[in-house]
Amino acid sequence: MYELKTKQNENSVIEFIENVDSEKKRDDAYRLLDIFTEETGEQAKMWGPSIIGFGSYHYKYKTGHEGDSFLAGFSPRKAKISLYFAPGDKEREELLKKFGKHTSGKACVYINKVDDIEEDVLRELIQASITFLKRTYPDGVEGSNE
């Protein structure tokens, strides 16, 4: 049976950020920590070894696969900073048009540095992710500005 690798744990968010090699990425991580905390109203938690997530929700797919994940999050990776928002949210695509310099995948949006993006749009993306997940999994969302 498949086991989800990215689980919430008790590792220290601050310790993780302090161990980021690049001083600029470390500064950006602290800036993102403040923004995500303000927008979610949630305390940052480590998910797996390298993702900082906020809030949580339980999902269950039609296939029967289920698990827990965070509402929004980020990871200051070596190459780029990964931003995590709800996959499948149509509003995300519209917001990304005015977000600034980025690339994106199914669930991730990648940036080089926070100065490359519009902070107000980042805040909108976080809120859109939470709203989408509350609507999609109404019984599974915990916390998130309630």
Side-chain angles (χ1 to χ4, degrees), residues 4-61 65-146:
L4 194 63
K5 292 180 189 136
T6 308
K7 294 181 183 175
Q8 184 176 315
N9 59 63
E10 295 304 315
N11 295 345
S12 167
V13 170
I14 301 301
E15 194 172 299
F16 170 70
I17 293 173
E18 284 298 316
N19 284 312
V20 170
D21 287 341
S22 160
E23 184 179 347
K24 178 63 179 142
K25 276 226 172 64
R26 221 175 12 257
D27 291 345
D28 279 351
Y30 280 118
R31 196 162 153 202
L32 290 169
L33 181 63
D34 289 343
I35 293 167
F36 275 80
T37 300
E38 288 169 19
E39 289 304 313
T40 64
E42 298 289 336
Q43 181 180 355
K45 297 281 188 178
M46 291 302 301
W47 286 75
S50 61
I51 298 173
I52 300 169
F54 299 80
S56 66
Y57 70 99
H58 185 80
Y59 60 86
K60 186 170 186 174
Y61 298 141
H65 174 78
E66 63 182 299
D68 297 302
S69 191
F70 48 89
L71 298 171
F74 70 92
S75 181
R77 301 196 185 272
K78 200 167 268 210
K80 293 186 181 275
I81 297 170
S82 301
L83 305 173
Y84 298 91
F85 307 111
D89 182 9
K90 304 272 187 271
E91 187 178 349
R92 181 178 99 160
E93 297 314 310
E94 288 304 309
L95 289 169
L96 286 176
K97 289 177 184 175
K98 55 184 181 174
F99 188 49
K101 187 177 174 184
H102 73 281
T103 56
S104 60
K106 185 176 179 182
C108 293
V109 175
Y110 306 98
I111 63 172
N112 290 318
K113 57 187 185 286
V114 176
D115 288 341
D116 286 345
I117 60 169
E118 296 294 328
E119 186 179 313
D120 58 330
V121 179
L122 172 60
R123 292 176 183 277
E124 288 181 69
L125 283 161
I126 295 166
Q127 288 302 321
S129 184
I130 293 168
T131 300
F132 176 80
L133 291 169
K134 280 184 175 180
R135 195 170 53 243
T136 307
Y137 305 101
D139 299 327
V141 176
E142 295 177 16
S144 70
N145 275 343
E146 296 200 23

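All values derive from a computational prediction rather than experimental measurement.
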S.K.: Could you check whether atom CD of Glu23 has more than 12 heavy atoms from other residues, nucleotides or ligands sitting under 6.0 Å from it?
M.R.: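 No, CD of Glu23 has 12 or fewer neighbouring heavy atoms, counting only those of other groups under 6.0 Å.
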
S.K.: Between the main-chain N or O of Glu39 and the side-chain N or O of Gln127, is there a donor-acceptor pair closer than 3.5 Å?
M.R.: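 Between the backbone of Glu39 and the side chain of Gln127 there is a qualifying donor-acceptor contact (under 3.5 Å).
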
S.K.: In Å and rounded to the nearest 0.5 Å, what is the CZ to CG distance from Phe85 to Leu96?
M.R.: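 Separation between the atoms: 7.5 Å.
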
S.K.: Start with the C-alpha gap between Val109 and Arg92, add the side-chain angles, then the distance that decides, and say whether side chain to side chain contact (heavy atoms under 4.5 Å, CB included) holds.
M.R.: CA-CA 10 Å; Val109 175; Arg92 181 178 99 160; 4.2 Å; yes

S.K.: Give, for atom OG1 of Thr131 and atom CD of Glu124, the distance between the pair rounded to the nearest 0.5 Å.
M.R.: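 Answer for the OG1-CD pair, Thr131 versus Glu124, is 11.0 Å.
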
S.K.: What pair of heavy atoms forms the shortest contact from Val114 to Asp28, and how long is it?
M.R.: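 Here Val114 and Asp28 meet closest at N-OD2, 3.2 Å.
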
S.K.: With sequence neighbours excluded, tell me which residues meet side-chain contact (heavy atoms from CB on, under 4.5 Å) with Ser22.
M.R.: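 Checked Ser22 against side-chain contact (heavy atoms from CB on, under 4.5 Å); matches are Lys24, Lys25.
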
S.K.: Is the closest side-chain heavy-atom distance between Ile51 and Arg77 below 4.5 Å?
M.R.: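 When only atoms from C-beta onward are counted, Arg77 and Ile51 do touch, with a gap below 4.5 Å.
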
S.K.: Once you round to the nearest 0.5 Å, how far does OH of Tyr137 lie from NZ of Lys60?
M.R.: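 Between atom OH of Tyr137 and atom NZ of Lys60 there are 12.0 Å.
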
S.K.: Can you find a heavy atom in the side chain of Leu33 that is under 4.5 Å from one in the side chain of Ile14?
M.R.: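 Yes, side chains in contact.
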
S.K.: What distance do Asp89 atom CG and Thr136 atom OG1 have between them, rounded to the nearest 0.5 Å?
M.R.: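 Interatomic distance, Asp89 CG to Thr136 OG1, rounded to 0.5 Å: 7.5 Å.
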
S.K.: In a check of side chain to side chain contact (heavy atoms under 4.5 Å, CB included) between Phe54 and each of Ile126, Leu71, Thr37, which one passes?
M.R.: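 The residue from Ile126, Leu71, Thr37 that satisfies side chain to side chain contact (heavy atoms under 4.5 Å, CB included) with Phe54 turns out to be Thr37.
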
S.K.: Quick check: closest heavy atoms across Phe16 and Ser75, and the distance to 0.1 Å?
M.R.: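 Heavy atoms of Phe16 and Ser75 come nearest at CZ-OG, 4.5 Å.
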
S.K.: Would a 4.5 Å heavy-atom cut-off, applied to side chains only, mark Tyr84 and Cys108 as touching?
M.R.: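 A side-chain contact under 4.5 Å exists here.
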
S.K.: Using side-chain contact (heavy atoms from CB on, under 4.5 Å) as the criterion, list what pairs up with Glu119, not counting sequence neighbours.
M.R.: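 Glu119 satisfies side-chain contact (heavy atoms from CB on, under 4.5 Å) with Arg31, Ile35, Arg123 only.
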
S.K.: Taking the side chain as C-beta and beyond, is there a heavy-atom pair between Ile130 and Tyr57 under 4.5 Å?
M.R.: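 Not in contact.
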
S.K.: Any carboxylate oxygen within less than 4.0 angstrom of a Lys/Arg side-chain nitrogen, looking at Glu94 and Lys97?
M.R.: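 Yes, Glu94 and Lys97 are salt-bridged.
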
S.K.: Should Leu83 and Leu32 count as side-chain neighbours, where that means a heavy-atom distance under 4.5 Å?
M.R.: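 Yes. Closest side-chain heavy atoms under 4.5 Å.
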
S.K.: Which heavy atom of Ala72 sits nearest to which heavy atom of Phe36, and what is that distance?
M.R.: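 Closest pair (atom of Ala72, atom of Phe36, distance): CB-CE2, 3.8 Å.
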
S.K.: How many angstroms lie between atom OH of Tyr59 and atom CG of Leu133, to the nearest 0.5 angstrom?
M.R.: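 It comes to 11.5 Å.
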
S.K.: Can you sort out the partners of Asn112 under side-chain contact (heavy atoms from CB on, under 4.5 Å), two or more places apart, ordered by chain and number?
M.R.: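 Here the qualifying residues are Lys80, Lys101, Asp116.
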
S.K.: Decide yes or no on side chain to side chain contact (heavy atoms under 4.5 Å, CB included) for Ser56 and Phe70, but give the supporting numbers first.
M.R.: CA-CA 4 Å; Ser56 66; Phe70 48 89; 5.7 Å; no

S.K.: Walk me through it: do Glu10 and Met46 pass the test side chain to side chain contact (heavy atoms under 4.5 Å, CB included)?
M.R.: CA-CA 7 Å; Glu10 295 304 315; Met46 291 302 301; over 6 Å; no

S.K.: To the nearest 0.5 Å, tell me how far Leu122 CG sits from Ile111 CD1.
M.R.: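 The distance works out to 7.5 Å.
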
S.K.: What is the minimum heavy-atom distance between Ile81 and Pro76, and which atoms define it?
M.R.: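 Minimum heavy-atom contact is CG1-CA, 4.2 Å.
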
S.K.: So which heavy atom on Gly55 is nearest to which on Trp47, and how close?
M.R.: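 Of all heavy-atom pairs spanning Gly55 and Trp47, the closest is O-CZ2, 3.9 Å.
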
